[in-house]
Amino acid sequence: MNITKIPCISELSLKRPEVLRWQERMKLLEPFSDTIVVLPCSMKKPYSQSKSHTLFKKYTKGLQEVIVTSPFGICPREMEKTYPIQSYDASTTGDWSDEEIKATSKCLKEYVKDHKVIAHVSGGYRQACEEVLDNVVYTCQDDNTRSHESLDNLKNEVKKADKVSYGQHKIHDLRSIARYQFNTKKADALIPEDTKTSGRFNTRILSNKEQIATLHFETGLYTLNLKAGQILKEQEINRVFISFDLKSNTLFAPGIDKADENIIPNDEVVIIKDDTVVGVGKALMTGEEMVKSNMGIGVKVRHQIK
């Protein structure tokens with residue numbers, strides 16, 4: 001996938017397909033802790049590399065963090081390196097229109113539900129919280145989230161909350177990315193309870209010493225190995241069906257008998273012949289186009305059974 005910056009400079013950005021898809025898929029995600037810390041976004045991406053979030057993270061370990069941002073609405077911390085949230089440009093002044101506040105507060109409420117919230121926000125970020133949150137404590141003083149007084153308030157409130165260990169929420173974080181990428185909670189199956197990871201930049205996802213997938217540094221998304229293809233098949237996710245022997249790394253649309261209709265370009269897919277996984281790769285068409293087209297590449301095959 002070629003990563004390009006997404007300019008978000010007006011209210012029209014609220015209707016961008018990338019934004020609407022992001023907001024819809026955030027409904028699949030759930031917090032890992034009983035208390036949620038709500039934070040403002042930053043110009044620098046991923047957020048955790050900004051000066052402000054470097055400060056915030058000193059105090060928020062062990063709790064679910066969620067960043068409020070326009071036009072995308074929310075970004076749980078574990079999603080901050082995922083396309084497209086890591087590739088948009090927008091103002092971070094906190095001076096939001098009524099439409100931005102309305103859209104963001106709706107996303108925030110859908111995610112937070114009845115959880116307790118520590119909101120370390122000001123300006124439009126705080127207005128979005130005030131629109132929909134009841135069980136909330138505000139920690140920012142004088143509209144300055146980085147002041148000593150504000151950070152002390154954040155630290156003291158976090159101390160009162162029940163923390164979750166890193167080991168406990170690591171699986172949750174990996175599953176959140178899978179849910180988002182494959183648009184279903186069934187994608188949790190891609191991250192078994194015994195999952196191990198390795199790698200400094202690209203992260204290998206391993207189960208029982210077998211590689212399932214790779215989480216890519218550039219996109220924050222998974223590419224699949226054959227083991228993951230078997231899991232997708234079992235969960236009935238992103239399947240492409242053929243009836244001939246796969247012998248090249250290019251699967252043309254005329255050779256595809258059937259494909260799941262929800263597949264969109266750049267999706268990871270599993271290729272199946274006679275109820276057997278024969279390959280995995282990246283879709284270059286929608287599922288409907290794969291079946292109806294009489295020309296063009298349907299799937300770029302990455303791994304296949306030899």
Side-chain angles (χ1 to χ4, degrees), residues 1-29 38-50 53 65-112 121 123-129 131-132 176-185 187 215-223 238 260-269 282-289:
M1 179 187 295
N2 294 322
I3 301 301
T4 56
K5 287 290 185 181
I6 300 172
C8 298
I9 54 177
S10 73
E11 283 189 5
L12 293 176
S13 300
L14 294 167
K15 304 301 182 184
R16 289 185 69 112
E18 304 97 329
V19 169
L20 296 176
R21 184 181 301 121
W22 177 270
Q23 292 176 351
E24 187 63 29
R25 295 190 181 192
M26 286 302 101
K27 296 175 185 178
L28 296 167
L29 274 53
V38 176
L39 300 168
C41 66
S42 64
M43 184 68 74
K44 189 175 181 64
K45 312 293 186 306
Y47 305 119
S48 58
Q49 294 182 5
S50 68
H53 281 254
E65 299 167 277
V66 62
I67 296 99
V68 287
T69 181
S70 181
F72 285 88
I74 63 166
C75 176
R77 174 69 76 188
E78 65 269 23
M79 302 301 299
E80 69 172 349
K81 297 178 181 179
T82 303
Y83 184 83
I85 204 73
Q86 34 78 304
S87 300
Y88 76 100
D89 285 327
S91 168
T92 57
T93 62
D95 184 17
W96 288 359
S97 68
D98 290 343
E99 188 66 23
E100 287 178 296
I101 292 171
K102 180 181 177 182
T104 301
S105 61
K106 180 184 178 191
C107 295
L108 186 61
K109 182 59 178 177
E110 287 172 340
Y111 181 78
V112 168
V121 292
Y125 304 104
R126 177 160 179 162
Q127 288 177 271
C129 292
E131 283 281 320
V132 293
S176 292
I177 297 168
R179 287 186 182 192
Y180 166 75
Q181 181 172 347
F182 293 95
N183 196 26
T184 174
K185 292 183 179 181
L215 181 60
H216 284 266
F217 176 81
E218 185 180 28
T219 63
L221 298 171
Y222 296 110
T223 56
N238 288 8
D260 289 333
E261 292 184 356
N262 59 310
I263 292 171
I264 61 175
N266 292 317
D267 272 355
E268 290 288 302
V269 299
K282 181 175 72 171
L284 300 185
M285 297 179 173
T286 67
E288 182 178 8
E289 287 170 341

Given side chains that start at C-beta, do those of [X] and [Y] come closer than 4.5 Å, heavy atoms only?
X      : Y      : value
Lys282 : Asp267 : no
Phe72  : Cys41  : no
Cys129 : Val38  : yes
Met285 : Pro265 : no

### Query
So does Glu261 have more than 12 non-hydrogen atoms from other groups sitting under 6.0 Å from CD?
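No, the 6.0 Å shell around CD holds no more than 12 heavy atoms from other groups.
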### Message
Which heavy atom of Pro40 sits nearest to which heavy atom of His53, and what is that distance?
### Response
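Reported closest heavy-atom pair: O-NE2, 2.7 Å.
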### Task
Could you tell me which non-hydrogen atom of Ala178 sits nearest to which non-hydrogen atom of Ala187, and how far apart they are?
O-CB, 3.4 Å
#### Entry: Stepwise side chain to side chain contact (heavy atoms under 4.5 Å, CB included) check, Asn262 with Asn183
CA-CA 9 Å; Asn262 59 310; Asn183 196 26; 5.8 Å; no
Roughly how far, to the nearest 0.5 Å, is the [atom2] atom of [Y] from the [atom1] atom of [X]?
X      : Y      : atom1 : atom2 : result
Tyr180 : Ile85  : OH    : CD1   : 8.5 Å
Ile263 : Leu284 : CD1   : CG    : 11.5 Å
Glu218 : Lys81  : CD    : NZ    : 14.0 Å
Arg179 : Ser176 : CZ    : OG    : 6.5 Å
Ile74  : Met26  : CD1   : CE    : 6.5 Å
Ile67  : Tyr125 : CD1   : OH    : 11.0 Å

Among all residues two or more places apart in sequence or in another chain, which pass the salt bridge (Lys or Arg N to Asp or Glu O under 4.0 Å) test with [X]?
X      : result
Glu288 : Lys292
Glu289 : none
Glu24  : Lys27

### Task
Run the numbers on Arg77 and Leu39 for side chain to side chain contact (heavy atoms under 4.5 Å, CB included), then give the verdict.
CA-CA 10 Å; Arg77 174 69 76 188; Leu39 300 168; 3.7 Å; yes
### Trace of the side chain to side chain contact (heavy atoms under 4.5 Å, CB included) decision for Met79 with Leu29
CA-CA 10 Å; Met79 302 301 299; Leu29 274 53; 3.6 Å; yes
Strictly distance-based, threshold 3.5 Å: is any side-chain N or O of [X] a donor or acceptor partner for the main-chain N or O of [Y]?
X      : Y      : result
Gln86  : Lys45  : no
Glu80  : Ser48  : yes
Asn238 : Val269 : no

### Task
Begin from the C-alpha positions of Lys102 and Glu99 and carry the test salt bridge (Lys or Arg N to Asp or Glu O under 4.0 Å) through to its verdict.
CA-CA 5 Å; Lys102 180 181 177 182; Glu99 188 66 23; 5.3 Å; no
#### Entry: Thr223 versus Glu268, side-chain donor and acceptor atoms under 3.5 Å
no
### Query
In chain order, what residues pass the ring pair (Phe, Tyr, Trp, His ring centres under 6.0 Å) check against Tyr222, with sequence neighbours excluded?
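Tyr222 satisfies ring pair (Phe, Tyr, Trp, His ring centres under 6.0 Å) with no residue once adjacent residues are dropped.
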### Message
Can you list everything that forms a side chain to side chain donor-acceptor pair (under 3.5 Å) with Ser105? Sequence neighbours excluded, please.
### Response
none
#### Entry: Identified side-chain contact (heavy atoms from CB on, under 4.5 Å) partner of Glu131 from the options Thr104, Ile101, Leu108
Ile101
### Query
Is there a side chain to side chain contact (heavy atoms under 4.5 Å, CB included) between Cys75 and Val66 once you walk through the steps?
CA-CA 6 Å; Cys75 176; Val66 62; 5.9 Å; no
### Task
Name all residues meeting the side-chain contact (heavy atoms from CB on, under 4.5 Å) criterion together with Gln23; count only those two or more places apart in sequence or in a different chain, and write none if there are none.
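Scan of Gln23 (side-chain contact (heavy atoms from CB on, under 4.5 Å), adjacent residues dropped) gives Val19, Leu20, Cys107.
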